[in-house]
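Note that the coordinates shown come from a computational prediction; the quantities given were computed from them, not determined experimentally.
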Amino acid sequence: FEDSVSWTYWTETSGTGWANVAGCPSTCGAGSRCACAESGATNVMAMTSAIDLTSYVDCILTYRTIVDSSFDAGEFLKVNVTNSGGTWTNIYSCTNGQACENDAWTTQTYNITSGVGLNNNFKMQVASILNDANEEGGFDNVTITCNNGLTDTCTYGGSGNWAITCSDNCIFTTSQVISGGNNITATGSGTLTFNNNGKWVFTGTNQQVVVNSGCTLVINSGGGFGV
């Protein structure tokens with residue numbers, strides 16, 4: 001919510017109580033701007049567009065919330081997410097009298113993979129009911145961290161031959177020792193960059209490095225091959 005551009009990623013679908021503010025009530029969960037609900041019978045804000053998560057093997061959602069200590073009975077701040085069918089599932093709820101009603105920004109974590117699943121229709125929705133402008137619920141710093149299941153080939157495993165996928169565009173900054181009898185192959189297209197102290201160190205004899213024609217080696221000062 002740091003600027004007007006990121007604010008357009010969210011749409012108020014009910015009520016007009018959500019605002020992009022410099023503090024909720026006085027600070028934000030991260031950075032200088034955050035979303036804050038300050039009164040309104042029912043305020044609902046949702047992601048404008050769905051996110052397709054089906055190309056990943058694991059995704060974790062984190063976000064920050066704040067609920068002030070003056071909530072009345074029946075008032076709440078809730079966070080919901082969608083499954084593949086677009087059905088909303090509640091993943092966070094704070095109401096009057098709970099420990100979360102503590103005037104403090106708190107990080108919340110949700111495992112999308114084991115929850116609603118990695119679907120192509122993922123959205124978040126934040127809802128609140130407040131009856132006084134002095135009662136506030138805040139929402140900020142939304143992050144989805146995903147694992148694509150691909151193996152990083154830029155680091156030698158320590159034994160056996162080393163197969164590098166050149167499209168990983170590795171940048172080597174430390175020495176990696178390839179013991180005797182083991183070889184290196186680099187396939188695909190991309191760039192392998194050796195910066196200062198980035199070296200392949202060979203300790204055996206008759207070891208081979210086979211590099212695909214579409215893979216470019218960039219060897220800068222202090223980097224390269226060693227023995």
Side-chain angles (χ1 to χ4, degrees), residues 1-53 56 59-113 115-116 118-146:
F1 303 105
E2 289 304 295
D3 52 46
S4 59
V5 175
S6 59
W7 185 245
T8 62
Y9 298 152
W10 299 83
T11 301
E12 283 188 293
T13 57
S14 178
T16 58
W18 284 100
N20 187 340
V21 298
C24 186
S26 59
T27 63
C28 285
S32 60
R33 309 289 297 184
C34 48
C36 193
E38 301 176 312
S39 80
T42 303
N43 301 304
V44 181
M45 178 178 67
M47 285 181 173
T48 305
S49 301
I51 301 174
D52 186 351
L53 300 175
Y56 301 102
C59 289
I60 302 295
L61 168 69
T62 59
Y63 56 96
R64 305 203 78 196
T65 58
I66 188 171
V67 174
D68 75 33
S69 57
S70 59
F71 271 29
D72 299 323
E75 297 180 334
F76 61 76
L77 177 70
K78 294 183 178 181
V79 179
N80 306 312
V81 296
T82 52
N83 60 18
S84 58
T87 301
W88 292 109
T89 296
N90 180 249
I91 62 171
Y92 170 86
S93 179
C94 185
T95 59
N96 167 258
Q98 293 185 305
C100 52
E101 191 189 16
N102 60 5
D103 296 302
W105 282 100
T106 305
T107 299
Q108 313 295 340
T109 301
Y110 176 73
N111 189 317
I112 301 173
T113 311
V116 294
L118 301 176
N119 62 80
N120 64 356
N121 192 42
F122 183 82
K123 278 187 173 184
M124 291 185 72
Q125 178 194 76
V126 193
S128 69
I129 289 182
L130 304 170
N131 63 15
D132 191 308
N134 293 320
E135 298 168 338
E136 296 168 304
F139 180 69
D140 200 7
N141 200 31
V142 179
T143 303
I144 300 176
T145 304
C146 295

Sequence neighbours excluded, which residues qualify as ring pair (Phe, Tyr, Trp, His ring centres under 6.0 Å) partners of Tyr92? none
Using the ring pair (Phe, Tyr, Trp, His ring centres under 6.0 Å) criterion, which residues pair with Phe71? Sequence neighbours excluded. none
List the atom pairs, with distances to 0.1 Å, where a side-chain N or O of residues 26-36 and a protein N or O form a donor-acceptor pair under 3.5 Å, not counting sequence neighbours.
| from | atom 1 | to | atom 2 | distance (Å) |
| --- | --- | --- | --- | --- |
| Ser32 | OG | Glu2 | OE1 | 3.0 |
| Arg33 | NE | Asn20 | OD1 | 3.1 |
| Arg33 | NH2 | Asn20 | O | 2.7 |

For residues Cys146 and Leu53, report the shortest heavy-atom separation together with the two atoms involved. SG-CD2, 4.2 Å
For Ile66, what residues pass the side chain to side chain contact (heavy atoms under 4.5 Å, CB included) criterion, not counting sequence neighbours? Cys24, Pro25, Trp105
Nearest 0.5 Å please: distance from the CD1 atom of Ile129 over to the NZ atom of Lys78. 7.5 Å
Do Trp10 and Val142 come within less than 4.5 Å of each other through their side chains, counting heavy atoms only? yes
For Asn111, check side chain to side chain contact (heavy atoms under 4.5 Å, CB included) against everything at least two apart and list the hits. Asp58, Ile60, Thr113, Ser114
Any idea which heavy atoms bring Asn90 and Ser93 closest together, and the distance? OD1-CB, 3.7 Å
Name all residues meeting the side chain to side chain contact (heavy atoms under 4.5 Å, CB included) criterion together with Thr145; count only those two or more places apart in sequence or in a different chain, and write none if there are none. Thr143
Just how far is it from atom CG of Leu118 to atom CG of Asp52, taken to the nearest 0.5 Å? 10.0 Å
I want to check something: taking the side chain as every heavy atom from C-beta on, are Glu75 and Asn96 in contact at a cut-off of under 4.5 Å? no
Could you tell me which residues satisfy side-chain hydrogen bond (donor to acceptor under 3.5 Å, both in side chains) with Ser14, sequence neighbours excluded, listed by chain and number? none
Distance from Thr109 atom OG1 to Leu61 atom CG, nearest 0.5 Å? 8.0 Å
Nearest-0.5 Å distance that lies between atom CG in Asn43 and atom OG1 in Thr13: 9.5 Å
For Glu101, what residues pass the side-chain hydrogen bond (donor to acceptor under 3.5 Å, both in side chains) criterion, not counting sequence neighbours? none
OG1 (Thr87) and CG (Asn80) are apart, to the nearest 0.5 Å, by 11.5 Å
Kindly write out the residues that satisfy side-chain hydrogen bond (donor to acceptor under 3.5 Å, both in side chains) with Thr48, not counting sequence neighbours, or none if the list is empty. Thr11
Are Val126 and Trp18 close enough that some pair of their side-chain heavy atoms sits under 4.5 Å apart? yes
For Asn121, give me all partners under side-chain hydrogen bond (donor to acceptor under 3.5 Å, both in side chains), at least two apart in sequence or on another chain. none
Validation row: Leu130, Glu136 side chains within 4.5 angstrom (heavy atoms): no
Under a 3.5 Å distance rule, please check whether Ser84 uses its side chain to pair with a backbone N or O of Asn119 as donor and acceptor. no
Do Ile112 and Ile144 pass the side chain to side chain contact (heavy atoms under 4.5 Å, CB included) test, and can you show the C-alpha distance, the side-chain angles, and the key distance before you say yes or no? CA-CA 9 Å; Ile112 301 173; Ile144 300 176; 4.1 Å; yes
When you compare the side chain of Met124 with that of Phe139, does any pair of heavy atoms fall below 4.5 Å? yes
Among residues at least two apart in sequence or on other chains, which ones pass ring pair (Phe, Tyr, Trp, His ring centres under 6.0 Å) with Phe122? none
Taken to the nearest 0.5 Å, the spacing of Phe76 CZ from Ser128 OG works out to 7.0 Å
